[in-house]
Amino acid sequence: MKKIIAVLIALCVLVLLAAGCTAPSAEKPPSKPEAVQDSLGRTVFLEKPPERIVSLMPSKTEKLFALGLGDKIVGVTNMCDYPEELKNREIARVGDAWNLSVEHIVALQPDLVAANWLPEGMDRQLADLGIAVFLYDPASVAEVLEGISRLGKLTGRQEAAQQVVAQLKGELDAIAGRVAKIGGAEKVRVLYLLDEFLWTAGKGTLQDDLLTLAGGINVVESGFWQQLNKEAFLACNPDVILYTFPGGAEFLADPQWQVLPCVREGRIYKLDESLASRPGPRITQGLEQIFSFLYPGR
Amino acid sequence: MRGRRLFFFTALLFLAVVVLIFAMATGAVDIPFKTVLAVLLNRLFSIPAANTDPTMEVIIAQIRLPRVILGFFVGASLAVAGVAFQGLLQNPLADPYTIGVSSGAALGATASMLLLPAAGIGSFYAVPLFGFAGALIALFTVYQLGRVGGRLPVVTVLLAGVVISSFFSALISLSMIAAGEQMRNIFFWLVGGLGFKGWPYVTLISLCFSPGLALLLYKSRDLNLILLGEEEALSLGVEVERTKKIVLVAASLVTAGAVSISGMIGFVGLIVPHAVRILIGPDHRFLFPASVLGGGIFLTITDTFARSVLAPVELPVGIVTAFLGAPFFIFLLRRHREKYRF
């Protein structure tokens, strides 16, 4: 139970720590908002472009800034740390991963609340108060782009969204071009380590998608978040270990892991969480970082 | 005794009103007491409120009020269930927790959150239904395991309760590992607490609480007679076995309502019944209503404390119930030791 809680918190922090935006696109008058589907299959529609947005995820905050909606944001979480502009502005903090204050959110009188996921009760509560809630929880890079374009439609920033998406696609293509030059035999087997309890990212996670796009092979083949036991961890013998948690280097320095060639040879790398596990507009930078660790100099 | 009871009930009622108003005036967002009072009077008695900020009105009427009422109901539910279990099993250690009914309700609720969304069914109203089913299964198992030769000895019932509790907790942990996408929802719910719960949850808990309490009150006289001795009760025309079953099922229903909404909140069902028993004696006709007020007041205070002491971060209310409850209980026990009767 404790481990589950630990990993959940770790995951949350991971998700929350990420994201970034490309340079804010030029201010353009917003066009008409369109109805979009959210992750739960619900249709969300705003009568007019939002004026007061509360973002409950760092990645959403970055996306909103990337769409030029930074000045419409009235509330963010304690984890929202990018762009730098956030630090200079008086902006309400409405809580963190497990402690969101509904009272605070409602007091900000938002016309849109954007998040990846909310506890069912809170989602219902906001809906009952007539506040539009947009939940979108990307589990792949393609879905990150899709999320940006839906957020653009929802807020009447279609054009800005298209620009951001086009730029990200360009960056993805560039990396794909470099990946294409890696021969099948050279492909690196990777383990994405989330914490010292050996929780790892398996199939169906954003992290797995990033590994694949960077030309790596995820050694964890089962789905979602998987906790390996020590034996399985040693047996999967990856070529590279990527980790995101503080203290990862000390953890892997433990003598019991020295039997792993990648640990002995120092093929263990710390990823910048806010890039490589935050499903926001800086995701391509995270991908770039992963690629450079898997295939240095390529 | 009568005068004492009258005083006691008046005091409890007064305290309940004070505590509820105090809870309403406390929250993450600072709202002047005047505004809170104005909105409350407006909602309750349609007294027109002079130009209050509509946002503040929403916070008070749609967020704080349902939460405070829900807390009162949850506390009342757990306390009433505690009285019923303690009385019927004649066991001072019985409460929804120790006899496994809480774990049963929790397992049922977990199952509904795990299975129903996968089948594409909304789980809102199903959670307490499944919780009730789980509570009944736990109760039945404990009853069967704990029975020795047609009697329910204290020791075997408690042992059976502990065993069932751990077994069900293990099942809950197991299902969380298998939960995948639903894990977040289940986790959030298990941690417990009354946050993020609006008016629909108040409806939900009152659907469990009202019939449960009504049954318990209806059977409270028979319950008193049974406690004097089953033989005597039988000779006075009480259907002993039937009454026992009704009381157990009603207490499980009330427990299920509370647990499926707020997760596992300990201690309330144990100490409030004792406190009330110490103060007004063992007559269930008065014990039930008194524990409604006592449990409600207790959980309202602890929840207010939980959400304000480290605001905006909320403490799990279960920590606070144990923290405030244990010393209070010891105090009562020491002062009233000689008067304590079952």
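The chains referred to below are lettered A, B, ... by the order of the sequence lines, with proteins before strands, and numbering in each begins at 1.
Close approach to chain B, defined as a heavy atom under 4.5 Å from one of its heavy atoms, is seen in A:Met122, A:Arg124, A:Gln125, A:Asp128, A:Leu129 of residues 122-131 of chain A, taken by number.
Listed for the A:Lys87 side chain is no donor-acceptor partner under 3.5 Å among the backbone atoms of A:Tyr82.
Taken from CH2 in A:Trp117 to CG in A:Asp38, the straight-line distance is 14.0 Å, to the nearest 0.5 Å. Taking OG1 of A:Thr200 as the reference point, atom CD of A:Gln207 lies at 10.5 Å (rounded to 0.5 Å).
Among residues at least two apart or in separate chains, salt bridge (Lys or Arg N to Asp or Glu O under 4.0 Å) pairs with a member in residues 61-73 of chain B are A:Glu103-B:Arg64, B:Arg67-B:Asp303, B:Arg67-B:Glu314.
Proximity to chain A (any heavy atom under 4.5 Å) is shown, for B:Pro54, by neither the backbone nor the side chain.
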Please tabulate, for the side chains in residues 202-210 of chain B, all donor-acceptor contacts under 3.5 angstrom to protein atoms that are two or more places apart in sequence or on a different chain.
| unit_1 | atom_1 | unit_2 | atom_2 | d |
| --- | --- | --- | --- | --- |
| B:Thr203 | OG1 | B:Trp199 | O | 3.3 |
| B:Ser206 | OG | B:Val202 | O | 3.0 |
| B:Ser206 | OG | B:Thr203 | O | 2.8 |
| B:Ser210 | OG | B:Ser206 | O | 2.7 |

Which atom pairs, one a donor and one an acceptor, fall under 3.5 Å between side chains of residues 43-54 of chain A and the rest of the protein, sequence neighbours left out?
| unit_1 | atom_1 | unit_2 | atom_2 | d |
| --- | --- | --- | --- | --- |
| A:Glu51 | OE1 | A:Lys72 | NZ | 3.3 |
| A:Arg52 | NE | A:Leu108 | O | 2.8 |
| A:Arg52 | NE | A:Gln109 | O | 3.4 |
| A:Arg52 | NH2 | A:Leu108 | O | 2.8 |

